[in-house]
Amino acid sequence: KKKNLFSIDSDKKFMRQGNWFRPITHPSFFVDEKLKWMNKNKIDHAVILTLSQLYCNGWKKSDAIDTIRFQNDFNYSIQKKYPKKFTCAFVVQPLYMDFALKEIERCVQLGLKVLCLPTHFLNANGEWLSTAESDIDLIYELANKYRLAVQIHPYDGEKMIALKNEYWRFHLVWMMAQCADTLHLFT
């Protein structure tokens with residue numbers, strides 16, 4: 001919170017990162033409330049992904065490492081506490097490949113089986129690269145070795161696609177476009 005990397009308001013109404021903020025639209029964003037919601041809706045098991053705000057694009061290495069470990073450890077703690085209720089994912093930052101590969105190994109040892117990647121990331125030159133680029137092959141090879149599920153999530157579309165943000169249209173259009181683009185490049 002002190003570094004403006006990520007925080008949740010004490011009243012649990014907004015999540016924040018620097019000048020960016022997003023409303024928390026349902027109490028089920030939080031574990032106890034999620035369990036009640038799952039029970040009410042007869043959902044036996046859920047997959048918890050990672051927050052795309054914590055993919056750490058453009059962050060210095062030390063902040064990225066600290067944040068990714070925090071998030072992955074948090075997700076692991078949920079899966080460990082509720083193994084019959086949750087399968088939790090983990091994230092790595094492709095820019096820091098040495099750390100990304102070590103973090104995959106560490107998360108596999110913890111028992112996490114879903115790797116979340118952004119559709120694209122900022123390279124060392126400040127250019128956006130697709131996670132389908134060959135620069136990322138080592139991550140996919142390790143994910144394949146450990147038979148991990150890989151979830152691709154769009155990131156920062158408003159910086160790339162100029163559509164009016166009204167009625168979630170903008171959000172849904174760029175999310176689908178970025179995912180389709182990544183999968184198309186990958187295949």
Side-chain angles (χ1 to χ4, degrees), residues 3-6 15 17-18 20 22 45-80 82-83 86-161 171-187:
K3 290 183 176 184
N4 283 324
L5 298 176
F6 184 78
M15 58 180 83
Q17 184 178 62
W20 173 92
R22 175 180 169 187
H45 195 87
V47 176
I48 296 180
L49 303 175
T50 57
L51 286 168
S52 59
Q53 290 75 25
L54 299 182
Y55 285 160
C56 306
N57 275 316
W59 294 20
K60 64 182 182 178
K61 189 173 185 177
S62 62
D63 286 342
I65 288 172
D66 291 346
T67 301
I68 285 170
R69 280 206 178 124
F70 168 80
Q71 180 170 221
N72 294 342
D73 288 347
F74 175 79
N75 281 7
Y76 166 67
S77 74
I78 299 300
Q79 181 173 294
K80 183 179 178 185
Y82 305 101
F86 297 114
T87 297
C88 294
F90 67 97
V91 66
V92 297
Q93 172 47 251
L95 171 60
Y96 306 119
M97 186 61 71
D98 57 334
F99 169 69
L101 298 175
K102 289 176 188 170
E103 186 65 1
I104 290 171
E105 296 276 359
R106 187 180 80 86
C107 289
V108 165
Q109 293 300 315
L110 293 174
L112 300 174
K113 296 180 176 147
V114 181
L115 169 62
C116 292
L117 291 173
T119 49
H120 54 282
F121 69 100
L122 280 169
N123 70 9
N125 299 321
E127 303 165 316
W128 288 107
L129 284 185
S130 169
T131 51
E133 299 283 344
S134 61
D135 302 49
I136 311 306
D137 284 353
L138 292 174
I139 290 174
Y140 288 113
E141 288 169 11
L142 201 53
N144 190 51
K145 173 183 173 182
Y146 290 115
R147 303 180 54 93
L148 299 174
V150 178
Q151 185 259 350
I152 304 290
H153 193 283
Y155 187 85
D156 275 355
E158 66 275 4
K159 294 177 182 172
M160 301 177 186
I161 301 169
H171 188 76
L172 295 173
V173 168
W174 70 256
M175 285 182 73
M176 295 305 104
Q178 287 182 330
C179 289
D181 185 58
T182 301
L183 294 172
H184 173 74
L185 288 172
F186 190 74
T187 59

Quiz item: What residue among Asp135, Leu122, Leu138, Ile136 forms side-chain contact (heavy atoms from CB on, under 4.5 Å) with Pro94?
Solution: Ile136
With sequence neighbours excluded, residues passing side chain to side chain contact (heavy atoms under 4.5 Å, CB included) with [X]:
X	result
Tyr82	Val31, Asp32, Leu35, Ile78, Lys85, Phe86
Glu127	Asn123, Asn125
Leu95	Gln93, Phe121, Ala124
Ala132	Ser130, Thr182, Leu185, Phe186

Quiz item: Do Arg106 and Asp73 meet the salt-bridge criterion of a basic N to acidic O distance under 4.0 Å?
Solution: yes
Distance in Å, [X] [atom1] paired with [Y] [atom2], rounded so as to fall on 0.5 Å steps:
X	Y	atom1	atom2	value
Thr119	Ile152	OG1	CD1	8.0 Å
Trp59	Ile65	CH2	CD1	12.5 Å
Arg69	Phe99	CZ	CZ	4.5 Å
Leu142	Leu148	CG	CG	7.5 Å
Ile48	Gln79	CD1	CD	9.0 Å
Gln71	Cys88	CD	SG	10.5 Å

Can you name the side chain to side chain donor-acceptor pair (under 3.5 Å) partners of [X], sequence neighbours left out?
X	value
Asn72	Glu103
Thr131	none
Lys102	none

Quiz item: Which residue pairs pass the salt bridge (charged side-chain N to carboxylate O under 4.0 Å, His left out) test when at least one of the two sits in residues 48-62, sequence neighbours left out?
Solution: Lys61-Asp98
Exercise. Answer yes or no: is there a donor N or O on one side and an acceptor on the other, between the side chain of His45 and the main chain of Thr87, under 3.5 Å?
Key: yes
Which atom pair, heavy atoms only, marks the closest approach of [X] to [Y]?
X	Y	value
Val91	Cys116	CG2-O, 3.5 Å
Val92	Ala100	CG1-O, 3.6 Å
Leu112	Ala89	CD1-O, 4.5 Å
Met97	Ile139	SD-CG1, 3.6 Å

Quiz item: Got a sec, which residues hit salt bridge (Lys or Arg N to Asp or Glu O under 4.0 Å) with Asp66, two or more places apart in sequence or on another chain?
Solution: none
Quiz item: Quick one: salt bridge (Lys or Arg N to Asp or Glu O under 4.0 Å) partners of Asp63, sequence neighbours excluded?
Solution: Lys3
Quiz item: What pairs of residues pass the side chain to side chain donor-acceptor pair (under 3.5 Å) test when at least one of them lies in residues 137-151, not counting sequence neighbours?
Solution: Glu105-Tyr146
Practice problem: Evaluate the criterion side chain to side chain contact (heavy atoms under 4.5 Å, CB included) for residue pair Ile68 and Phe90; output intermediate values, then yes/no. | Solution: CA-CA 8 Å; Ile68 285 170; Phe90 67 97; over 6 Å; no
